Amino acid sequence: MSEPAILGGTPAFPEPVHVGRPNIGDRARLMERIEGVINRRWLTNDGPLVHEFEEAISAMLGVPHCIAMCNGTVALEIAIRAAGLSGEVIVPPFTFVATAHALQWQAITPVFCDVDPRTHNLDPTRVEALITPRTTGILGVHVWGRPAPVDELTRIAADHGLRLLFDAAHALGCSTGGRMIGGFGTAEVLSFHATKVVNSFEGGAIVTADEEFADVARLMRNHGFADYDQVGHVGTNGKMSEIAAAMGLTSLESREEFVAANRRNYETYSAALQGVDGVELIGYDSAESCNWQYVVIEVDESAGLSRDELQAVLWAENVLARRYFFPGCHRMEPYRTLFPDVAERLPETERLVQRVLALPTGTSMSTDAVTAVAGLVARAMRDAPRLRAALRATV
Ligand code: T4K
């Protein structure tokens, strides 16, 4: 290895290496499906590929209803609306901002509840204290595909007469207690964004066992149309297009291959980062079903480099590691202005957003590339005093 790029060496990678490079799957099959879409001249509005995709997701998760949408964010907005949420909803701040925005977008107050530092998910012991007469629901998130505390949240929601929804954008194909994520709460929401383990370019879905809820969500997805000329509900346009479903189906067919690549990458990182001072790779429960789609480390600054310093060292090498979900939803607008003091009750989130770094994985990463990235992390931590001095000199 040459001198670190931050000290003037040649970057380890000639081109940027991204977190979230899409998995593609069988191109010929995708093109064939796209041909079919064009030949049928049925491009969107509840087309045959969308139906096939919905059935495949339902079967995979063992959940009776899947309503495919144009993206995960709109699916969240529709799920929230179909659940009749209003007033206040309890939600973690350590998530992609779409989770909070989907509430705020419809004038519902997100009430941020701190997370458990071991799981990065909602801390169920802190939820009840935040329930007020205005609270109508809890929106849990399965961060990194690791399950939110579904049993505890289910009990709390039942005890207080609240609706329970889950943002399962990271959790396609993950299970808890042997039960697939997708079947918990009133409904769960999936994302098939380009960066997700299974993608439909852009896409999302609501999955639910509640038939009445599914019927309402389906109406809302298509402007409330119950039939030609008959609008039975307020609605929006949340439809998934046929070309998105073509990609979604193709991607789903290669899911096992994608998951195997993620797992291989994870295990390579795990072996290479073993014993590196100040770096802890977050764990997954291998007794459960898991998609291994995020490789996330926690960086302990006392070992030499802060997370931000390590990120700067990696970016100089063209490794674009991401500090998801910095700085936490509560520190983003409009929440920062609306709730200026909320950080005081979120000490674990505040700590976590300074420590977490997501590393590149997925089918675009070869084992050699993963080994090289892990090697850069290990070297940076070993060489911390010199790198830190150089970084401070450039500020
Ligand atoms: N809830 C949760 C918990 C979520 O994580 C998300 C989305 C949602 C809800 C909302 O679901 P969607 O409405 O998105 O379906 C990315 C994704 O855009 C976002 O979908 C995802 N979570 C989030 C965790 O990651 P950014 O802001 O990091 O995106 P961006 O453009 O920086 O892309 C990430 C990296 O991926 C880039 O470094 C480049 C690479 N990339 C990206 C795209 C789109 C590619 O190589 N090719 C591509 O086509 O949010």
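Just follow the structure's listing: the first ligand is 1, and inside any ligand the first atom is 1. Remember, it's a predicted structure, so these values are computed and weren't measured experimentally.
Closer than 4.0 Å to atom 5 (O) of ligand 1 lies at least one heavy atom of the protein. For atom 31 (O) of ligand 1, no protein heavy-atom neighbour is found at a distance under 4.0 Å.
At a heavy-atom distance under 4.0 Å, no atom of E202 approaches ligand 1. Contacts between V19 and ligand 1 below 4.0 angstrom, taking non-hydrogen atoms only, involve the backbone exclusively. By the criterion of a heavy-atom distance under 4.0 Å, the side chain of Y324, and not its backbone, is placed next to ligand 1.
Proximity annotation for atom 33 (O) of ligand 1: of T195, L320, N199, T195 comes nearest, heavy atoms only.
Ranking the protein heavy atoms by distance from atom 22 (N) of ligand 1 puts K196 NZ, 2.9 Å first. In terms of protein heavy atoms, atom 39 (C) of ligand 1 is closest to H18 ND1, 3.5 Å. Closest to atom 10 (C) of ligand 1 among all protein heavy atoms lies T73 OG1, 3.5 Å. In this structure, atom 8 (C) of ligand 1 lies nearest to the protein heavy atom F96 CD2, 3.7 Å. From the protein, the heavy atom lying nearest to atom 1 (N) of ligand 1 is D167 OD2, 2.6 Å. The shortest contact between atom 46 (O) of ligand 1 and any protein heavy atom is with R21 NH1, 2.5 Å. Looking only at heavy atoms of the protein, atom 47 (N) of ligand 1 is closest to P22 CD, 3.3 Å. Atom 18 (O) of ligand 1 has H193 CE1, 3.0 Å as its closest protein atom, hydrogens excluded (heavy atom only).
The one candidate from H330, Q104, H101 that meets the side chain to side chain donor-acceptor pair (under 3.5 Å) condition with Y335 is H101. Looking at F325, F94, Y294 one by one, the single match for ring pair (Phe, Tyr, Trp, His ring centres under 6.0 Å) with H120 turns out to be F94.
Remark: the backbone N or O of V74 is paired with a side-chain donor or acceptor of N71 at under 3.5 angstrom. In this structure a side-chain-to-backbone donor-acceptor pair under 3.5 Å is missing from R126 to D116.
Interatomic distance, CG of D285 versus OG1 of T176, reported as 8.0 Å (0.5 Å rounding).
Near T95, meaning under 4.0 Å from any of its heavy atoms, are these atoms of ligand 1: 3 (C). Within ligand 1, counting atoms from 1 as listed, the ones closer than 4.0 Å to a heavy atom of G72 are 11 (O), 12 (P), 13 (O), 15 (O). Listed by atom number, the atoms of ligand 1 under 4.0 Å from S191 heavy atoms are 11 (O), 12 (P), 15 (O). Using a 4.0 Å cut-off to heavy atoms of T99, the atoms of ligand 1 that qualify are 1 (N).
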- Given salt bridge (charged side-chain N to carboxylate O under 4.0 Å, His left out), test R386 with E3 step by step and report yes or no. CA-CA 12 Å; R386 201 162 67 104; E3 186 73 344; 2.9 Å; yes
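Taking 4.0 Å as the cut-off between side-chain N and carboxylate O, R388 and E301 count as a salt-bridged pair. Taking 4.0 Å as the cut-off between side-chain N and carboxylate O, E54 and R221 count as a salt-bridged pair. Ion pairing between R218 and D46 fails under the 4.0 Å rule for side-chain N and carboxylate O. Ion pairing between a basic and an acidic side chain is recognised when a charged N comes within 4.0 Å of a carboxylate O; R29 and E32 show such pairing.
Annotation: side chain of L190 is in contact with side chain of L61 (closest heavy-atom distance under 4.5 Å).
Classified by interplanar angle (parallel below 30°, tilted 30° to 60°, perpendicular above 60°), the ring pair H142/F166 is parallel.
Distances from ligand 1 to the non-hydrogen atoms of G204 include no value under 4.0 Å. Using a 4.0 Å cutoff on heavy atoms, G203 counts as a contact of ligand 1.
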